[in-house]
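Accompanying notes for the structure given below.
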Number of protein chains: 2
Amino acid sequence: MLIRSLEIFRAVVDTGSFSAAAERLHTVQSNVTAHVKKLESELGAHLLERRSPVVVTPAGRQLLGYARRIVELHDDALARFRPGGEPLGELRLGSMETTAAVHLPGLLTALSRRWPQLSVHLRTGTSGELIEAVRAGQLDAAFVAAEDAGDELALRPVFRERLVLVSARPLPAMPARAELLRTPFLAFRQGCGYRRTIELLLAERRVPAPRIHEFGSLDAIVGCVSAGMGLAVLPASTVEQYRQRFELHTLPLPAALGDVTTVVATLSAASWSQGLEVFMESLPEPAPWDAAPARRAG
Amino acid sequence: MLIRSLEIFRAVVDTGSFSAAAERLHTVQSNVTAHVKKLESELGAHLLERRSPVVVTPAGRQLLGYARRIVELHDDALARFRPGGEPLGELRLGSMETTAAVHLPGLLTALSRRWPQLSVHLRTGTSGELIEAVRAGQLDAAFVAAEDAGDELALRPVFRERLVLVSARPLPAMPARAELLRTPFLAFRQGCGYRRTIELLLAERRVPAPRIHEFGSLDAIVGCVSAGMGLAVLPASTVEQYRQRFELHTLPLPAALGDVTTVVATLSAASWSQGLEVFMESLPEPAPWDAAPARRAG
DNA sequence: TTAAAAAATCATTTCCGGTGATAGAAGCAC
DNA sequence: GTGCTTCTATCACCGGAAATGATTTTTTAA
């Protein structure tokens, strides 16, 4: 049974004649006859009484319900893939905690307003986890800190971040090696890009086996840093969000380590859904580095 | 876009591989590849990432929803036409008032119990109207009094009826011509088979231009006959139903006129829906004439 | 690196959807 | 009834594409 046959059958019922259906579908009458006959032989039932206008038999009536639904779904599906089609369905996003807290609320609110039919699912995790999820088709796109994620993934920069060292007390300068040796760090679990920065920072200063506490929650990290438990490395923009609630002091990291770009990881553009398409279009261009303000370096 | 392609696409997603899908659908792997590629080129999007197991892209995910629904509808449609399939949908029946009152309650109750998915629509009317409705595809089947209804309709006898003359007072014998001349008759509007019998009965007795009151309701006819307004011709079985409520007396008509068969009119059996099929199977064989009891000829 | 598995490619066959012309059936006017 | 019109069925044919089997290339796992 071909969708084409159902489409023709439906047209015959709607127009009331084989010839009229042929004209409407821009084909010839003999073709209409052939399709209807094929359906009738496949189903083993007379579907139409050849009169003027055509009479739909009980069996034909049964098929008609299916024909209408199938053809309609078919047309919908095609429309959904035509460029400019209204996006529909779920958009499954992933994000690092820090990006989710700072950048996504505005983005997702605007997206949801603009495309009411789109239902957004957001999952947070480390860059490593999220990239793997995109690769495995479990996420449509993810905000991660990465410069390379294999051939299969397309990375598009969206946010510039400056990483800062966060502490409970003012840091006039980078602590000396001796102090770093006995200072614990607070970070997300393995896979977080910023954690890697901590490790690089300390390795640069020849601090072996640093003590790193793994927290699963951004709030917990910030809270504990503020309470004097240790230091953390976070984007400046994230720290700003917590200044109301916590007493925090920051020190910018050197540009080589501290200037990071948040990218969106997706499969190749050819595999995007309509919803992902409009989402990617809604993303901002990342500001050039010199324009990224290093806010209060309190 | 072919249903076959959607079926193959779905199988690939479900099995996680092109080869496995080919095996499941009893075809070859290159054919699976060709179908998926065709879909991808038609829709202008990558649907699957060729890995092990296959990864569904966001665009593929979108199509998958449609594919599942369309293939499912397709399978349902085929199942519905396969002999022995569960009947579903509406069964649109027509019936003369008299048959509806006497014979249908039992039949339809049993049918509805046996096939809960079947929704029965019943419309009453004269034999003429109903036959035309079946011809026009507005009814699946109709109980009518007719011996011939054109080539297109199949007639199947189901009930034997004996027509009786109904009156308010006992009728020892057929009234004399003089009395018939001044007696009004009560009948359904033009198109009712039994009304034709009245006309034949009176014509036989050379009663010209009989007075016939046209009523649209069986109850009204019986009630008015009982009140002495005039005579009526009805099936004996129908009159029995009203004996509790009305004082009625009956006189059997001569067999030539009075022995009538109620038939079910349908389009040819090849055009029956599954629901009509089981309905027709549920109909009784008509009793032979000699077995039809002429009940109390009170 | 190698071996095994899976998908892509290709040549070939087969089948079928689409076309146009024609024949036949049904409806309508006279 | 006759003739005219309209509609559907039939037929032969073309072209495209679905299916097949063999082979190559890619991917994955050991």
Side-chain angles (χ1 to χ4, degrees), chain A residues 1-43 46-57 60 71 74 132 135-137 150-153 267-268 270-271, chain B residues 1-43 46-57 60 71 74 132 135-137 150-153 267-268 270-271:
Chain A
M1 192 191 301
L2 300 179
I3 295 180
R4 175 68 171 164
S5 301
L6 298 176
E7 186 183 12
I8 288 177
F9 174 66
R10 187 185 66 158
V12 171
V13 173
D14 289 349
T15 62
S17 104
F18 283 47
S19 319
E23 192 171 356
R24 173 192 283 196
L25 298 179
H26 308 102
T27 181
V28 294
Q29 168 262 319
S30 61
N31 193 26
V32 173
T33 296
H35 271 280
V36 173
K37 282 195 81 147
K38 184 114 200 294
L39 279 178
E40 289 182 326
S41 88
E42 279 177 6
L43 300 176
H46 287 164
L47 302 174
L48 298 170
E49 291 282 325
R50 275 68 162 180
R51 306 211 202 102
S52 206
V54 160
V55 169
V56 184
T57 68
V71 171
H74 173 248
E132 192 42 46
R135 264 183 47 89
D151 310 351
E152 297 128 352
L153 294 196
L267 293 176
S268 68
S271 70
Chain B
M1 192 191 298
L2 301 179
I3 295 179
R4 175 68 170 162
S5 300
L6 298 177
E7 185 183 13
I8 287 177
F9 173 66
R10 187 186 65 158
V12 171
V13 174
D14 289 349
T15 62
S17 106
F18 283 47
S19 320
E23 192 172 356
R24 173 192 285 195
L25 298 180
H26 307 103
T27 180
V28 294
Q29 168 261 319
S30 60
N31 192 26
V32 173
T33 296
H35 271 279
V36 173
K37 282 193 83 148
K38 183 109 202 295
L39 278 178
E40 289 181 325
S41 87
E42 279 177 6
L43 299 175
H46 286 163
L47 302 173
L48 298 170
E49 291 283 324
R50 274 65 163 184
R51 307 214 202 99
S52 203
V54 159
V55 170
V56 184
T57 69
V71 172
H74 173 247
E132 192 42 46
R135 265 183 47 89
D151 309 351
E152 297 127 353
L153 295 195
L267 293 176
S268 68
S271 70

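Listed by residue number, the members of residues 3-22 of chain A with any heavy atom below 4.0 angstrom from DNA chain D are S17(A), F18(A), S19(A).
Within the structure, every side-chain polar atom (N or O) of T33(A) is placed at least 4.0 Å from both OP1 and OP2 of dT8(D). Close to dA17(D), at under 4.0 Å from its OP1 or OP2, lies no side-chain N or O of H35(B). Checking the phosphate oxygens (OP1, OP2) of dG18(C), no side-chain nitrogen or oxygen of H26(A) falls inside 4.0 Å. A sub-4.0 Å separation between OP1 or OP2 of dT10(D) and a side-chain N or O of K37(A) is present.
Around the CD atom of E23(B), the shell of radius 6.0 Å holds no more than 12 heavy atoms that belong to other residues, nucleotides or ligands.
Side-chain N/O atoms of Q29(B) and base N/O atoms of dA6(C) include no donor-acceptor pair closer than 3.5 Å. The base of dG17(C) lies outside donor-acceptor range of the side chain of T27(A), with no N or O pair under 3.5 Å.
Using a 4.0 Å cut-off between a side-chain N of Lys or Arg and a carboxylate O of Asp or Glu, E7(A) and R10(A) do not qualify as a salt bridge.
In the set dA7(C), dT19(C), dC10(C), the nucleotide with an atom closest to the side chain of S30(B) is dC10(C).
dA18(D) atom C1' lies 14 Å from atom CG of L25(B), rounded to whole Å. As rounded to whole Å, 16 Å separates atom P of dA7(C) from atom CG of L39(B). The distance from atom CG of N31(A) to atom P of dG15(D) is 17 Å, rounded to the nearest whole Å. For the pair E23(B) CD and dA5(C) C1', the computed distance is 13 Å after rounding to whole Å. E49(A) has its CD atom 14 Å from the C1' atom of dA25(C), to the nearest Å.
In this structure, the side chain of T57(A) engages the main chain of H46(A) through a donor-acceptor pair within 3.5 Å.
The side-chain contact (heavy atoms from CB on, under 4.5 Å) check on A34(B) picks up nothing, with sequence neighbours excluded.
Inter-residue side-chain proximity for L2(B) and L2(A) is flagged as met; some heavy-atom pair is nearer than 4.5 Å.
Contact record, A21(B) with I8(B): CB-O, 4.5 Å, taken as the closest heavy-atom pair.
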Subject >> Protein-to-nucleotide contact annotation, 5' to 3' order, nucleotides 25-30 of chain D [B base; S sugar-phosphate only; - none; under 4.0 Å, heavy atom] >> reply: ---S--

